Amino acid sequence: MASAVDELQKDLEEVKALLEKTTRKRIHDALTAEKSKIETEIKNKVQQKPQSKTELDNEKPAAVVAPITTGYTVKISNYGWDQSDKFVKIYITLPGVHHVPTESVQVHFTERSFDLLVKNLNGKNYSMIVNNLLKPISVEGSSKKVKTDTVLILCRKKAENTRWDYLTQVEKECKEKEKPSYDTEADPSEGLMNVLKKIYEDGDDDMKRTINKAWVESREKQAKGDTEF
């Protein structure tokens, strides 16, 4: 900054020297305008000098901290859960989470949801939001614990000693759609075929061979029955 002011000062001295020598009005006016312009620039540079230095000094810590505190957020999709008579327990694995400050692990509960936010873990934020819990929970009785590489979320059941077959209502609906339909008005053989298909897909090689054999024998009997009839 000082060198810029020095250069402007030299320009100003040269313009003053030229003003003393010129006798032409047009050139004199142009040099006078340039002289005023340079003087204004010098004045602004001098006034800004201490302010700019202060601003630069103040910005240095922010430049170091900013990449850490504003890291991008990773959505957590992998977790495990189980339950006791009083709690539904959700386990989230996050390597190194036990090293971050306690206040950096935040969980917000409502009666049918919770959201987890872990700030500044290895330069990233981690977020998990679970809505539409299967059953209501007690906000006051719910909490979180940080263990080695793991966050444990404890959702206090409002109705104790009740079993949760699913964590969320959406999960329940999805699973129930996958179940075979046993509509009494539908063709009974179609329902049986759905059951056999499910068993066949989930079974081992022996089970598949058994079902294949039974299927072939059944088809053969139907063929014979049709012929005899």
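Counting from 1, the numbers follow the sequence of the chain as shown. Bear in mind that the values here come from a model prediction, so they are computed numbers and not experimental data.
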Asker: Looking only at heavy atoms, which two atoms of Phe109 and Phe114 are closest? And how far apart?
Answerer: CD2-CB, 3.6 Å
Asker: Please give me the minimum heavy-atom distance between Val118 and Val97, naming the atom from each residue.
Answerer: CG1-CG2, 4.1 Å
Asker: Can you tell me if Gln83 uses its side chain to pair, donor with acceptor, with the backbone of Trp164 under 3.5 Å?
Answerer: yes
Asker: Please list, chain by chain and in numerical order, all residues satisfying salt bridge (charged side-chain N to carboxylate O under 4.0 Å, His left out) with Lys35, sequence neighbours excluded.
Answerer: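 For Lys35, the residues satisfying salt bridge (charged side-chain N to carboxylate O under 4.0 Å, His left out) (neighbours in sequence not counted) are Glu39.
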Asker: Just checking, any donor-acceptor pair under 3.5 angstrom between side chains of Lys175 and Tyr166?
Answerer: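 Distance-only check fails for Lys175 and Tyr166.
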Asker: Answer yes or no: is there a side-chain heavy-atom contact under 4.5 Å between Lys124 and Val74?
Answerer: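 Lys124 vs Val74: side chains touch.
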Asker: Looking at every non-hydrogen atom in both residues, tell me the closest pair between Ser127 and Leu117 and how far apart they are.
Answerer: CB-CD1, 4.4 Å
Asker: Using a 4.5 Å cut-off on heavy atoms from C-beta on, say whether the side chain of Thr150 contacts that of Leu94.
Answerer: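 Counting from C-beta outward, Leu94 and Thr150 never come under 4.5 Å.
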Asker: Can you measure from CG (Asn132) to NZ (Lys172) and round to the nearest 0.5 angstrom?
Answerer: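 It is 12.5 Å, given to the nearest 0.5 Å.
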Asker: Can you list everything that forms a salt bridge (charged side-chain N to carboxylate O under 4.0 Å, His left out) with Lys75? Sequence neighbours excluded, please.
Answerer: none
Asker: Kindly say whether Thr32 contributes a backbone atom to a donor-acceptor pair with the side chain of Ser36 at under 3.5 angstrom?
Answerer: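 The answer is yes, because a donor-acceptor pair under 3.5 Å joins these two groups.
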Asker: With rounding to the nearest 0.5 Å, note down the distance linking OG1 in Thr168 to CG in Leu134.
Answerer: 7.5 Å
Asker: Let me have the donor-acceptor pairs involving side chains of residues 139-148, under 3.5 Å, with sequence neighbours excluded, atom names and distances please.
Answerer:
from: Ser142; atom 1: OG; to: Ser138; atom 2: O; distance (Å): 2.6
from: Ser142; atom 1: OG; to: Arg156; atom 2: N; distance (Å): 3.0
from: Lys144; atom 1: NZ; to: Val105; atom 2: O; distance (Å): 3.3

Asker: If we only count heavy atoms from C-beta on, is the Glu7 to Lys10 side-chain gap below 4.5 Å?
Answerer: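 The answer is yes; the side chains approach within 4.5 Å.
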Asker: Between Asn125 and Asn120, is there a donor-acceptor pair closer than 3.5 Å when you use the side chain of the first and the backbone of the second?
Answerer: yes
Asker: Do Tyr126 and Leu116 come within less than 4.5 Å of each other through their side chains, counting heavy atoms only?
Answerer: no
Asker: What closest approach, in Å, do Phe87 and Leu154 show between heavy atoms, and which atom pair accounts for it?
Answerer: CD2-CB, 3.9 Å
Asker: Testing the basics here: between Ile137 and Cys155, what is the closest heavy-atom pair and its distance to 0.1 Å?
Answerer: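 In this case the closest contact between Ile137 and Cys155 is CG2-CB, 3.9 Å.
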Asker: Does a side-chain heavy-atom distance below 4.5 Å link Val100 with Leu121?
Answerer: yes
Asker: Could you tell me whether Lys119 and Glu103 have a side-chain N and a carboxylate O separated by less than 4.0 Å?
Answerer: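 Glu103 and Lys119: not salt-bridged.
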Asker: Inspect the surroundings of CG in Asn78 and state if more than 12 heavy atoms from other residues, nucleotides or ligands are less than 6.0 Å away.
Answerer: no
Asker: Say you draw a straight line from CD of Gln106 to OG of Ser104; how long is it, rounded to the nearest 0.5 Å?
Answerer: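 Here the rounded value is 7.5 Å.
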Asker: Enter the distance from Leu133:CG to Ser113:OG here, rounded to the nearest 0.5 Å.
Answerer: 6.5 Å
Asker: Side-chain contact, heavy-atom cut-off 4.5 Å: Ile90 with Met128?
Answerer: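 Yes, side chains in contact.
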Asker: Would you indicate whether Gln9, at its atom CD, is surrounded by more than 12 heavy atoms from other residues, nucleotides or ligands within a distance under 6.0 Å?
Answerer: yes
Asker: Closest approach of Asp165 and Arg163, non-hydrogen atoms and distance?
Answerer: OD1-NE, 3.2 Å
Asker: Is a side-chain N or O of Arg112 found less than 3.5 angstrom from the main chain of Asn131, in a donor-acceptor match?
Answerer: no
Asker: When you measure from the side chain of Asp149 to the backbone of Gly96, do you find a donor-acceptor pair of N or O atoms at a distance under 3.5 Å?
Answerer: yes
Asker: Are any side-chain N or O atoms of Lys157 and backbone N or O atoms of Ser84, one a donor and one an acceptor, separated by less than 3.5 Å?
Answerer: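 Indeed, once roles are kept as given, a pair shorter than 3.5 Å links the two residues.
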Asker: Is it possible for you to say whether Leu152 and Val88 belong to one hydrophobic cluster, with membership spreading through side-chain heavy-atom contacts below 4.5 Å?
Answerer: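 No.
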Asker: Is any side-chain heavy atom of Tyr79 closer than 4.5 Å to one of Ile153?
Answerer: no
Asker: Is there a path of hydrophobic side-chain contacts, each under 4.5 Å between heavy atoms of I/L/V/M/F/W/Y residues, joining Ile92 to Val107?
Answerer: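 Yes: a chain of side-chain contacts under 4.5 Å links Val107 to Ile92.
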